[in-house]
Amino acid sequence: MPIKKEQIHAFINRASEAAEQISKHVEKGELIHVASHFDADGLAAAGIIGRALLRLEATFRLRIEKWIDEKIIRKISADKPPLIIFTDLGSGYLDLLNAKLSGHRAIILDHHEPTEEPSKTFTQVNPHLHEIDGSRDLSGAGVAYFVAKALNKKNVDLACVAVVGALADLQDKYEKKKLGGVNEKIVEDAINAGCLQVDTDLLFFGRETRPIHKALARTTNPFIPGISGEEDKSLAFLANFGITPKREDRWRALRDLSKEEKKKLFSGLSDYLLSKGLPSDVAFNLLGNVYTLTKEESWTPLRDAREFAVLLNATGRMDKQGLGVAICMGDRGVALDQANEVLQEYRRTITKYLGWLNEEPGRIKELDNIYVVHGENYIDENIIGTVSSILSTSLPNPEKPVIAFSIVPGEEMIKISARTLEILTRRGLNLGEIMRNTADKYSGRGGGHNIAAGAQVPLEHLDSFIKSVDHLVQKQLEVT
Ligand code: C5P
Ligand code: C5P
Ligand code: ZN
C-alpha cells in the first residue's frame, strides 16, 4: 500500500517533538548519551546524530553497541545522563528498557518493530508507529536524519549519510533497486542539497573502485554462465566489445566507461545471456538505480553509496566502529585510509569463512525447510550476519531461509543470524517473529525484520532451537 501524506506528516511531527526535547537538554548544557547499533545503518545513524549534536555544541558521548542487555544499561545509566538517545536500537528492547530505565529520559530513534508500549519518560520515533514499513521504507539512519533536520535545516547535508544507511540495510527493494517510501524524501533532500545524483546504470558492485572485469566477474544477479566467477573470461568478453581494461596505468572502473561503451556492453551481455538460453528479460536485472555521492572524491569507496555502505559495514564488523562513525561525521584523510585497510581485511576474512564452510560437507546442512550454517567457533559472531546474507542469495534453493550460528568463546549464548529473500516474505514468512518466539521459548532473545533477523540463545538449546525454527518456517509458509 502506498504511504499516505498524513502518515509521513505524523511521523515527521514525532521527529520534531524529539528534536525539541533534544534542544531543551542542549540549552541546559546537560550531558547526552547516544547509543547506536554497530551495523552500517547504525553507524550512519550515529554519525548523523553526532554531527547534529556537534553543530549544536552539545555535551555528548557516543557509544556503539551490538545489542542491549542489563550490563549495557548499567553502564549507560552509571553517571545518570539526563538524556539518553538510542539510534537504530531500542524499539526491539522495550521490555528491558521499560524495566530498567523508566526513571530516565530517553529518545528512541529506531526502525525495528516496537515490542511493547514505551515508558512515559521515553519518546519513540519509529515508522512502524505510523504503519510505515521500517524494513524497507525507512532505516535507522533515516529516522535519525528527520530528527537532525528538525533540529537544524543545515543538517540536510546529512541526507546523503541517511541514503547510505538505507542502502546498507538493503532497503532498495523497489523496482530497479530503487529506494522508495519515506526514503524517497531523503533522496530528494540529498539531491537538493547537491550531494547526490541518481542514475539508471549497470549495477555491477564496485563502480568507483573495482576494475571493470572484476566487477563483471563478481556479478551473480543474474548469474552469467562462463563469466560469473571467472575474471579471465570476463576480461576476454570485454575485449570483444573493444573495451580496454586499462587507461595508462590505471585499471578502469565502471565509472570510467563512456555511455557508448556501456551500451555496447549491455547489449553484448543481453545477447550472450540469450545465447545461453536465459529468458530475454533477465539482462534487465543488470540495470538499476545507482546513487552517487557527488561531493566525494572519484575512485574512492565513498562516492558510490553502496560501496560506502560496505565500507561502513566493514568497520562495524571488524570492531573499528569509531572509524565508521568518524567518516559519517565528515572525517576523511587518515580515517578513510584506515577504513580502507579494514575493508581489505574484512574481505579477506569473509573469503576465508566461505572457503572454510565449503571445505567439509557438514558445515552447511540442508533440513526440510531451512539451511543451517555451522559457523561453530570458527566464524566470528560479528561476521556471521554477513555470511548469512551472502549465503541467502547463493545457496541452491532460494526457498529455504538460512539460519547461521557462531559459538562465542567463553559465552553461554550463541549468536544466530537468519536471512531469507523476498520470495518468502511475500508468502508471509517473518523471520523476526520466528526468532523472537523461538528464542523466548529457549531462554534466549531474538527479533528483527521479516527478511533479516537474529537471536542469542544458550548453546545447550541449539538443537531444539533449530528444530523449532525449521518447523515454524514450514508452518508460516503453509498458512498462506
Ligand atoms: O539492525 P538493522 O535493522 O540495522 O540490521 C539489518 C540487518 O539485516 C543488516 O545487517 C542488513 O544487511 C540485513 N538485511 C538483509 N536483507 C534485507 C534487509 C536487511 O540482509 N532485505
Ligand atoms: O545480527 P543480525 O545482523 O543477524 O541481525 C539481523 C536483524 O535482527 C537486525 O535488524 C538486528 O537488529 C535484529 N536482531 C534483533 N534481536 C536480536 C538479534 C538481532 O532484533 N536478538
Ligand atoms: Zn537499521
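Just so you know, ligand 1 is whichever comes first in the structure, and atom 1 is the first atom listed for that ligand.
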Parallel, tilted or perpendicular: rings of H111 and H449 (30°, 60°): tilted

M435 to ligand 2, any heavy atom closer than 4.0 Å: no

Under 4.0 Å from any heavy atom of [X], which atoms of ligand 2 are there?
X    : answer
Q456 : 21 (N)
H449 : 10 (O)
S417 : 1 (O), 2 (P), 4 (O)
G448 : 8 (O), 13 (C), 15 (C), 20 (O)
K415 : 1 (O), 2 (P), 4 (O)
R445 : 21 (N)
H37  : 12 (O)

Please find the N/O/S atom of [X] nearest to the Zn ion (ligand 3) and write down its name.
X    : result
H111 : NE2
D41  : OD2
D169 : OD2
D88  : OD1

Side chain, backbone, both or neither: the part of A455 lying under 4.0 Å from ligand 2 by heavy atom: backbone

Modelled atom types, side-chain donor and acceptor of N126 and H128, under 3.5 Å: no

Any donor-acceptor N or O pair under 3.5 Å, side chains Q474, D368: no

Trace of the side-chain contact (heavy atoms from CB on, under 4.5 Å) decision for N183 with Y174: CA-CA 11 Å; N183 283 321; Y174 284 78; over 6 Å; no

Cationic N near anionic O, under 4.0 Å, R303 to E307: no

More than 12 heavy atoms from other groups under 6.0 Å of CD on E460: yes

Value rounded to 0.5 Å, distance of CD1 in I370 from CD in E399: 15.0 Å

Q7 (side chain) donor-acceptor with K4 (main chain) under 3.5 angstrom: yes

Side-chain donor/acceptor of D88 to backbone N/O of G42, under 3.5 Å: yes

Nitrogen or oxygen atoms of R317 and ligand 2 under 3.5 Å apart: no

